[in-house]
**Q** 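Dropping the structure in here first, questions after.
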Amino acid sequence: METIKVCDKEFELFISSQEIENAVTKVAQRLNKDYAGREVVFLSVLNGSFMFSATLLKHIDLTCLVSFIRLSSYMETSTTGKVVEVLGLMEDIKGKDIVILEDIVDTGTTMHVLVPKLKALGANTVEICCMLQKPSMLQYPEIQPKYVGIEIENEFILGYGLDYHGYARNLSSIYKIKK
Ligand code: IMP
Ligand code: MG
């Protein structure tokens, strides 16, 4: 089993690049079918989604716009807790069909904040498309990604855009933490 060290931790090969790309291609084919004849805005959530987005979009044959956002989260000192700000959304999304491209849906917190924001900005439809999901970790029942590449158990993983302390985003396979 291939093992790598990233910062202070050891990781072992979990999902090969071939498996990821097969799963992502299948998702792209579903999107091509479901959105046939419609214009789509793909909204890729940086940083983690850059590699997934590139792979997926190469298999999309729809008329589409591709946009990138970052989410900055910070704690408010007193009341509501976590606030996530959408950075860099320049396009007018009013009336548009949005597909969010996310690397992984874990607790669903990020999507729980982002989806209502896009709806409030007037999006016609908003769907979540993620490379990976940890279904057992989901804390928001209303967050149901329609397009999921691969479902995984609750393991800490990296590679294919996902990082540990900012490292290992460049790896073409996905590795899980060694126990
Ligand atoms: P959520 O808001 O809890 O759904 O978490 C989503 C974000 O947490 C993802 O976009 C990732 O950036 C990060 N994340 C969740 N699980 C992992 C992991 O196993 N490795 C690296 N990043 C992760
Ligand atoms: Mg992310």
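Starting from 1, each residue takes its place in the sequence as its number. Each ligand, and each atom within it, is numbered from 1 in the order the structure gives.
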**Q** For atom 16 (N) of ligand 1, which candidate among Glu102, His112, Lys134 provides the closest heavy atom?
**A**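 Result: the heavy atom closest to atom 16 (N) of ligand 1 is in Lys134.
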**Q** So if I count the atoms of ligand 1 from 1 in the order they appear, which ones are less than 4.0 Å from some heavy atom of Thr110?
**A**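 By the 4.0 Å cutoff, the relevant atoms are 1 (P), 2 (O), 5 (O), 6 (C).
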**Q** Within less than 4.0 angstrom of ligand 1, does Asp163 place any heavy atom?
**A**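 Judged by the 4.0 Å heavy-atom criterion, Asp163 does count as contacting ligand 1.
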**Q** Return yes when Met137 approaches ligand 1 closer than 4.0 angstrom through a heavy atom, no otherwise.
**A**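 Heavy atoms of Met137 never come under 4.0 Å of ligand 1.
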**Q** Mind checking whether Ile104 has a heavy atom under 4.0 Å from ligand 1?
**A**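 Yes; Ile104 lies near enough to ligand 1 that a heavy-atom distance drops under 4.0 Å.
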**Q** For ligand 1, which atoms sit closer than 4.0 Å to a heavy atom of Leu162?
**A**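 Taking each heavy atom of Leu162 in turn, ligand 1 has 21 (C), 22 (N) under 4.0 Å.
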**Q** Looking only at the side chains, is there a donor atom on one of Tyr35 and Glu127 sitting less than 3.5 Å from an acceptor on the other?
**A**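 Glu127 and Tyr35 do not have a side-chain donor-acceptor pair below 3.5 Å.
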**Q** Taking C-beta and beyond as the side chain, do Tyr175 and Val6 meet within less than 4.5 Å on heavy atoms?
**A**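 When only atoms from C-beta onward are counted, Val6 and Tyr175 do not touch, as no gap falls below 4.5 Å.
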**Q** Would you mind listing every ring pair (Phe, Tyr, Trp, His ring centres under 6.0 Å) that reaches into residues 37-57, with sequence neighbours excluded?
**A**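 Listed by first then second residue: nothing to list.
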**Q** Is Ile157 in polar range of ligand 1, meaning some N or O pair under 3.5 Å apart?
**A**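 Such a contact does occur with ligand 1.
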**Q** Which atom names give the shortest non-hydrogen contact between Leu56 and Cys129, and what distance separates them?
**A**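 Heavy atoms of Leu56 and Cys129 come nearest at CD1-SG, 4.3 Å.
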**Q** Measure from atom 18 (C) of ligand 1 to every heavy atom in Tyr175, Phe156, Tyr164 and give the option owning the shortest one.
**A**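 Checking each option, the heavy atom nearest atom 18 (C) of ligand 1 is found in Phe156.
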**Q** Side-chain donor-acceptor pair under 3.5 Å between Glu12 and Thr3, yes or no?
**A**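 Short answer, no.
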**Q** Counting each atom of ligand 1 from 1 as listed, which ones have a heavy atom of Asp103 under 4.0 Å away?
**A**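 Checking each atom against Asp103, I get 9 (C), 10 (O), 11 (C), 12 (O).
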**Q** On a heavy-atom basis, which atom in Val126 and which in Ala123 lie closest, and how many Å separate them?
**A**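 Looking at all heavy atoms of both residues, the shortest contact is CG2-CB, 3.7 Å.
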**Q** Going only through I, L, V, M, F, W and Y residues with side-chain contacts under 4.5 Å, is there a path from Val148 to Met131?
**A**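 Shared cluster, no.
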**Q** If we only count N/O pairs under 3.5 Å, is Gly108 in contact with ligand 1?
**A**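 Yes, at least one N or O pair falls under 3.5 Å.
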**Q** Considering the heavy atoms of Glu155, write down every atom of ligand 1 situated less than 4.0 Å from one of them.
**A**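 So the atoms of ligand 1 that pass are 19 (O).
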**Q** Distance under 4.0 Å to a non-hydrogen atom of Thr109: what atoms of ligand 1 satisfy this?
**A**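 Numbered from 1, ligand 1 contributes 1 (P), 2 (O), 4 (O).
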**Q** Under a 4.0 Å N-O cut-off, is there an ion pair linking Glu153 with Lys176?
**A**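 No, this pair does not count.
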